[in-house]
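Have a look at the structure below, then the notes.
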Amino acid sequence: MLIGYARVSTHDQSLDLQKDALKAAGCEKIIVDVASGSKQERSGIEHLREILRSGDVPVVWRLDRLGRSLKQLIALIEEFESLGVGFRSVTESIDTTSPGGKLFFHIIGALAEFERNIIVERTKAGLSAARARGRLGGTPKKLSKQQQMLVRQLYGAKQLSLNEICEMFRISKTTLYSYVRY
């Protein structure tokens with residue numbers, strides 16, 4: 001049986017594209033996950049492991065939906081292989097039920113990891129260059145220093161509720177707590 005696996009990192013992202021592609025590939029069942037690909041423990045992967053039977057073929061839209069590192073991908077594919085289970089990736093046209101598909105999987109996996117490493121390297125270099133020019137990066141503070149002090153004073157005085165303080169400064173409770181933490 002073809003079993004689809006679709007993953008997004010956050011609830012803000014849509015699974016529609018992946019689900020449509022997996023249905024078009026002939027998947028009878030689709031397991032969805034909302035978790036970072038870098039996490040080893042994902043509920044969808046655990047569910048997939050539980051339902052896989054010999055002869056099944058897990059299918060993903062793209063290789064990076066299954067895992068982020070080559071080591072992680074290879075470990076999963078080897079686990080599938082030990083269960084008598086194949087693997088397919090729709091976008092990369094990988095099918096590990098054949099020797100050529102296994103080879104192609106390893107090549108594509110290595111290239112995907114290389115691409116991610118290059119992106120990380122460029123991001124770090126860009127942040128370093130920005131810091132050297134005086135930019136700290138990150139999200140700018142919503143309130144000025146004076147407003148932050150006032151928030152701390154109001155919070156400490158305990159005369160207003162958290163909601164009242166948040167409404168007054170048009171900030172969320174999370175933002176309020178970030179200011180009073182210090």
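Cluster annotation: M1 is connected to I77 through the hydrophobic network of ILVMFWY side chains, with a link wherever side-chain heavy atoms come within less than 4.5 Å. Under the 4.5 Å side-chain heavy-atom criterion for ILVMFWY residues, a single connected hydrophobic cluster contains both L83 and I31. Residues L66 and L103 are members of separate hydrophobic clusters, defined by side-chain heavy-atom contacts under 4.5 angstrom among Ile, Leu, Val, Met, Phe, Trp and Tyr. Residues I94 and I3 fall within the same hydrophobic cluster, defined by Ile, Leu, Val, Met, Phe, Trp and Tyr side chains chained together at heavy-atom separations under 4.5 Å. At a threshold of 4.5 Å between side-chain heavy atoms, the hydrophobic network of Ile, Leu, Val, Met, Phe, Trp and Tyr places V90 and I30 in one connected group.
Considering V59, D64, L73, V60 in turn, V60 is the only one that fulfils the side chain to side chain contact (heavy atoms under 4.5 Å, CB included) rule with S89.
Proximity of V57 to F87: side-chain heavy atoms (C-beta onward) are nowhere separated by under 4.5 Å. Considering only heavy atoms from C-beta on, F80 stays 4.5 Å or farther from T96 through its side chain. Looking only at side-chain heavy atoms (C-beta outward), W61 and Y5 stay at 4.5 Å or farther from each other.
The 12-atom threshold is exceeded at CE of M168, counting heavy atoms of other residues, nucleotides or ligands nearer than 6.0 Å.
Judged by distance alone, with hydrogens and angles left aside, the side-chain atoms of Q147 form a donor-acceptor pair with the main-chain N or O of S144 at under 3.5 Å. Looking at Y179, its side chain does come within 3.5 Å of a backbone N or O of L143 through a donor-acceptor pair. Judged purely by atom type and a 3.5 angstrom limit, E92 has no side-chain atom pairing as donor or acceptor with the backbone of R62. E78 places no side-chain N or O within 3.5 Å of a backbone atom of A75 that could act as its donor or acceptor partner.
With no hydrogens or angles considered, a side-chain donor-acceptor pair links T175 and S172 at under 3.5 Å. For the residue pair T97 / D95, a side-chain donor-acceptor distance below 3.5 Å is found, with atom types taken as modelled.
The pair R49-E46 counts as a salt bridge, with a side-chain nitrogen and a carboxylate oxygen less than 4.0 angstrom apart.
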Quiz: residues 16-28 side-chain donor-acceptor pairs under 3.5 angstrom, not counting sequence neighbours:
unit_1: D16; atom_1: OD2; unit_2: S14; atom_2: OG; d: 3.3
unit_1: Q18; atom_1: OE1; unit_2: R7; atom_2: N; d: 3.0
unit_1: Q18; atom_1: NE2; unit_2: R7; atom_2: O; d: 2.9

